[in-house]
Amino acid sequence: MIDFNLPDIGEGLQEAEIVKWLVKPGDSVEIDQVLVEIETDKAVVEVPSPQKGTIAKLHGKPGDVIKVGNPLVSFEAEGTEVSAKEDSGTVVGKIESGSRIIKESPTGISSVKSASGSIRATPAIRNLAAKLNVDLNQVAPTGPGGTISKKDVESLASSNTTREEPVSFSASPNAPEGLKRARRTMARNMAASHSQVALVTLMDDADITHWSDKEDLTARMAFAIAAASRAEPSLNAFYNHENETLQKMKEVHLGLAVDTPDGLYVPVMKNVEKRDATGIRNLINSFKQKAREKAFQPEDLKGGTIILSNYGAIGGRYATPMVVPPMVAIIGVGRTHQELALVVNRPVVRLKLPISLSFDHRAATGGEASRFLSAMIKSLEA
Amino acid sequence: MGKALSGIKTRNYLDKSGKALGKIPKFAEDRSTLKDLYRLMNLIRIFDKKVVSLQRTGKMGTFATSLGQEGVSVGIGHALQKDDIFVPYYRDQGILYQRRVKLIEIMQYWGGDERGSRYVYNREDLPISIPIATQLVHAVGVAYAVKLRKQERAVLSTCGDGGTSEGDFYIALNGAGTWNLPLVFVINNNQWAISVPRAIQTKADTLAQKAVAAGIDSIQVDGNDVIAVRQVVSEALAKARSGGGPTLIEALTYRLGDHTTADDASRYVDKSDLDKAWALEPIIRLQSYLTKKRILSKKEEKQILETCKEEVDQAVAEYLALSPQPPEAIFDYQYANMPSALQEQKDELNYSLHPY
């Protein structure tokens, strides 16, 4: 059988709806004989036969939508007058398949950037990224030779929203699943982080024995991070590895890692340095609700300058959280635990809050990180 | 209603039924010339239909047919002399073909292959112009050059009825008049600018009267009467060549098809208007005349159609056999010396296509 694929008969057409078939399987047709009426977003048009032959199969019934490039009609293989080459459903002429024109990188599709971390993207792609507010540092390239493609940018842009795309699953319970958007973003961000960041994690405990039961851990952490950012500004910052610049931020926009069944979301609390405990709590509650309702807006997820992950609420004491470039630091909070300590030579039980501070050693020194952590602990213990 | 201007005349030689209204022009007394005009109009109609089929099957880009307006382009093409210069718009296949532009070159143009604008047998006519009315200003420049060189040549440029609302149209008329250029403008008034009907295109009664303010001669012609188009254009060209100055010709036709393949005219054209227009179309008009005069036999007519189809099929086969241009060719046909900014873009494209 020879497939005749639906061509782009408009200007940048994606799909068309079948209105009426004028032939049926078994019919002999002449070249240019009208086969079908289809409706595009602009027009109802008649599609003529590209060849003389016998109709083997009609792909769809009236009302069905056919994607450009998918089969519309199949012809019996014999008795054809024109070349039996499969029609590729292109816009113009015979555009040969990609192999001749577009060379794949010899190592296949490269998923991470080259060791130097340099971005390979055309001006058009850079422009698109700027328009969609996508940081090219965070895009894992899939184009030839490690270049960033339009699709890479667009999918990261759309993954910044919470709209879910239906994902088709194969019948087998062990079949690989295509990653949904939030997980795909996570995968790409983490790959970018791992390939770029010179990660160091510093760990210590804050003594919170004196905290009342009503103390709000997340709010206290937010205040501690704001206080530490004032004391040591190099960690609440953006590092641009292309230009080798460090941009220290006056405002603290705190990203909160939120675990959901769909994957990881990091909504951003803007200006925590200006908020009180109630304001922070209200914001956290609204994030929780949005996470349940899958209602995060793109602007909820943008603009973070530093991240807090309260993984200890689930479990785990210390961790090596991953910095998400261009940010420089991320703070992990582990599960609180009791510890026996000696106070004036007498054993006492103290409540400890484990803190793990990861930072990008390209952008900050160990001393700066230590000062930052100390300032946090001082704030938490106050 | 706009104000009707006296002095705008409409010329035709054949009435609606194809009967001669009076004395026909001298050229139309030659039987083989008339048969040739008939053949050319049929050839263009067959060509147009075939190109639409190519577009519908994914082998051609957007295309504008001249269905119903073959009398205008065939008449103009026949009137032009070899040394004249033609500056087209985008519905002029009937002219281009007679200017020795090959059918395959016209198909290449619409198929996105810029090599189609490099006419093998015609080095002086300009390429097809998609922007509306810009070509008229180019024609002014060309005609100015002809005048400067004291050559005895005429320049002819075309546009649609929609084009007459453009600033470029008025600029061109004014320039042509001011410098008394050897220039003929022909408006192919097919009554539709995509979906905008002529009635709301302008308050003016006729498009021809727009020449009055520019101080140049104008005339309307029945565009469905190929003999009239051929004659009126010939007269205007002769006047231009002999230093008589420019003329604006408004050819009255009706667009029987879609604006382009990206259009669906059934959404806005009244069916009864279309039926009326079909009764007036140029091929039937001439055929009736030729039959009445016993110039064309049924057998000859069949033969003409067959040879037209063969010629078109041959050109299409050649077109389909062409190898495609590489993507970076989009940069190659604009400048003799490519500006550095464009060269940079070409390099970027080359790099993304061939990174290793």
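These numbers come from a predicted model, not from an experiment. Order of the sequence lines fixes the chain letters, A, B, ..., with proteins taken first and strands second; residue numbering starts at 1 for each chain.
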S.K.: Measure across A:V44 and B:D264 and return the closest heavy-atom pair with its distance rounded to 0.1 Å.
M.R.: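 Taking A:V44 first and B:D264 second, the nearest heavy atoms are N-OD2, 2.9 Å.
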S.K.: Heavy atoms only, distances under 4.5 angstrom: which of B:A262, B:A265, B:S266 has the most pairs with chain A? Name it, please.
M.R.: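 Of the candidates given, the most pairs with chain A belong to B:A262.
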S.K.: Of the listed residues (A:S149, A:P123, A:A124), which shares the most heavy-atom pairs with chain B below a 4.5 Å separation?
M.R.: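 Top option by heavy-atom pairs under 4.5 Å: A:P123.
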S.K.: Residue by residue, scan residues 42-53 of chain B and write down, ordered by number, those that have a heavy-atom distance under 4.5 Å to chain A; if none do, write 'none'.
M.R.: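 Residues in range: B:K50, B:S53.
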S.K.: With a cut-off of 6.0 Å (strictly less than), are more than 12 heavy atoms of other residues, nucleotides or ligands near NZ of B:K309?
M.R.: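 Not buried by this count: 12 neighbours or fewer within 6.0 Å.
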S.K.: Give the minimum heavy-atom separation between B:Q55 and A:I9, together with the two atoms involved.
M.R.: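 Shortest heavy-atom separation between B:Q55 and A:I9 comes out as NE2-O, 2.8 Å.
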S.K.: Which bit of A:E39 comes within less than 4.5 Å of chain B, counting heavy atoms only: side chain, backbone, both or neither?
M.R.: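 Just the side chain, heavy atoms under 4.5 Å.
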S.K.: How about B:E300: does its CD atom have over 12 heavy atoms from other parts shown lying under 6.0 Å from it?
M.R.: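 For B:E300, atom CD is crowded (more than 12 foreign heavy atoms under 6.0 Å).
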S.K.: Among A:L13, A:D32, A:T122, A:I38, single out the residue with the greatest number of heavy-atom pairs under 4.5 Å to chain B.
M.R.: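 Answer, by heavy-atom pair count under 4.5 Å with chain B: A:D32.
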S.K.: Looking at every non-hydrogen atom in both residues, tell me the closest pair between B:T57 and A:P48 and how far apart they are.
M.R.: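 The pair with the smallest heavy-atom distance is CG2-O, 3.2 Å.
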S.K.: Where do A:T40 and B:R267 come nearest, in terms of heavy atoms and distance?
M.R.: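 Looks like O-NH2, 4.3 Å.
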S.K.: Sort B:D258 into side chain, backbone, both or neither according to what part of it lies under 4.5 angstrom from a heavy atom of chain A.
M.R.: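 Interface part for B:D258: neither.
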S.K.: Other residues, nucleotides and ligands only: do more than 12 of their heavy atoms fall within 6.0 Å of CD on B:E344?
M.R.: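 No, not enclosed.
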S.K.: Could you tell me whether the side chain of A:P50 reaches within less than 4.5 Å of the side chain of B:K59, counting heavy atoms only?
M.R.: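 When only atoms from C-beta onward are counted, A:P50 and B:K59 do touch, with a gap below 4.5 Å.
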S.K.: Which residues in residues 88-96 of chain B have any heavy atom lying under 4.5 Å from a heavy atom of chain A?
M.R.: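 Hits under 4.5 Å: none found.
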